[in-house]
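Inspection log for the structure reproduced underneath, given as structure tokens.
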There are 2 protein chains.
Amino acid sequence: MAMSDTLKAISDPVRRQILELLRSQSYAAGEIASHFELKPATVSYHLKLLKQAGLITERKDKNFIYYDLTASVFEEVLSWIYSLKLGGDHDEQK
Amino acid sequence: MAMSDTLKAISDPVRRQILELLRSQSYAAGEIASHFELKPATVSYHLKLLKQAGLITERKDKNFIYYDLTASVFEEVLSWIYSLKLGGDHDEQK
DNA sequence: ATTCTATTTAGAAAATAATCGAAATAGAGT
DNA sequence: ACTCTATTTCGATTATTTTCTAAATAGAAT
């Protein structure tokens with residue numbers, strides 16, 4: 001999970017709204033989709049990117065797929081931003 | 001400068017490398033460009049986006065334009081990420 | 001087994017972003 | 001005034017991303 005993917009993931013407004021939605025509780029894909037004026041397929045695409053970036057996880061129940069936020073991944077991003085802010089050493093990322 | 005612009009700005013690898021370069025000291029546009037295999041016009045385009053996002057500032061000297069990092073803007077981003085990580089209330093952003 | 005319902009995948013179209021070459025700007029040095 | 005040098009802006013091109021429709025998958029319910 002390169003941080004490049006994480007930053008790319010949070011650079012889109014729709015995906016950020018999804019993350020903010022999941023902040024309070026988990027939702028099934030369809031429930032998430034209903035919060036947007038987008039087709040389910042499109043939301044599914046965004047969920048895939050968020051999943052690939054490690055920002056959310058999925059959990060299947062009946063024929064629903066629930067999504068949850070993964071708090072831990074934000075550490076990396078925080079770390080990178082801090083390094084710029086404070087000027088310390090930090091690894092490059094691709 | 002909406003945070004949307006900031007996140008968009010740091011989502012590109014070239015722009016992140018520019019930020020990391022400026023972490024240690026300020027550089028003129030041409031010096032920045034020479035660190036990449038990109039034409040000056042292209043780097044200028046990236047600098048413009050970083051400037052619009054409030055991540056860097058420019059300062060003219062002779063016929064050079066020097067760029068500097070703006071540490072303060074990172075606060076917003078940190079704040080947003082923390083809000084997800086910790087689950088507190090936070091404003092929407094567009 | 002068939003038919004719902006929920007969701008994803010595949011492929012195409014539309015929208016956005018990155019790159020370049022050429023022309024424009026601006027100030028420095030002659 | 002002219003000519004360098006540094007950088008940006010403009011317009012066109014290419015590449016990437018987002019969105020959609022239609023078809024595929026999978027499990028639940030009848």
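Convention: sequence-line order gives letters A, B, ...; per-chain numbering from 1.
- Atom-to-atom, CG of B:Leu49 to P of D:dT8 comes out at 12 Å; the value is rounded to the nearest Å.
- In this entry the distance linking CG of A:Leu50 with P of D:dT17 reads 15 Å, nearest Å.
- Taking atom NZ of B:Lys48 as the reference point, atom C1' of D:dT9 lies 7 Å away to the nearest angstrom.
- Contact annotation: A:Thr42 side-chain N/O to D:dC20 OP1/OP2 distance is under 4.0 Å.
- Dashed line: the shortest gap from a side-chain N or O of A:Tyr45 to OP1 or OP2 of D:dT21 is not under 4.0 Å.
- Residues A:Leu7 and B:Arg16 form a side-chain contact, since some pair of their non-hydrogen atoms from C-beta on lies under 4.5 Å apart.
- The span of DNA chain C lying next to chain A, judged by atoms under 4.0 Å from heavy atoms, is bounded 5' to 3' by C:dT5 to C:dT9.
- Side chains of B:Ile32 and B:Leu22 form a contact here, defined as non-hydrogen atoms less than 4.5 Å apart.
- Separating the CD1 atom of A:Ile65 from the C1' atom of D:dG27 is a distance of 10 Å, rounded to the nearest angstrom.
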Table of protein N/O atoms under 3.5 Å from nucleotides 10-16 of chain D N/O atoms:
none

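- Non-hydrogen atoms lying under 4.0 Å from DNA chain C are contributed by A:Gly30, all within residues 30-37 of chain A.
- When distances are taken from the side chain of A:Asn63 to each of D:dT19, D:dC20, D:dG27, the shortest belongs to D:dG27.
- Nearer the 5' end of DNA chain C, as judged by each residue's closest nucleotide, is the contact made by A:Glu58, out of A:Glu58 and B:His46.
- Take B:Asp68 and apply the side-chain contact (heavy atoms from CB on, under 4.5 Å) test, not counting sequence neighbours, and it matches B:Ser26, B:Thr57, B:Arg59.
- As judged by a 4.0 angstrom heavy-atom cut-off over every strand, B:Tyr66 is placed among residues making no nucleic acid contact.
- Residues B:Val43 and B:Leu49 do not share a hydrophobic cluster, defined by chaining ILVMFWY side chains whose heavy atoms lie under 4.5 Å apart.
- Residues forming a side-chain contact (heavy atoms from CB on, under 4.5 Å) with B:Leu19 (at least two apart in sequence, or on another chain): A:Trp80, A:Leu84, B:Ile10, B:Leu50, B:Leu55, B:Ile56, B:Leu69.
- Screening residues 33-47 of chain A for side-chain hydrogen bond (donor to acceptor under 3.5 Å, both in side chains) gives A:Arg15-A:His46 as the qualifying pairs, with residues at least two apart or on separate chains.
- Linking ILVMFWY residues whenever their side-chain heavy atoms come closer than 4.5 Å, directly or via other members, leaves B:Tyr27 and B:Phe64 in distinct clusters.
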Test side chain to side chain contact (heavy atoms under 4.5 Å, CB included) on A:Ile18 and A:Tyr67 and set out the steps. CA-CA 10 Å; A:Ile18 292 174; A:Tyr67 286 93; over 6 Å; no

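- Between A:Pro40 and A:Ala33, the shortest heavy-atom contact is CA-CB, 4.2 Å.
- Contact annotation: the side chain of B:Tyr66 approaches that of B:Glu31 to within less than 4.5 Å [non-hydrogen atoms, C-beta and beyond].
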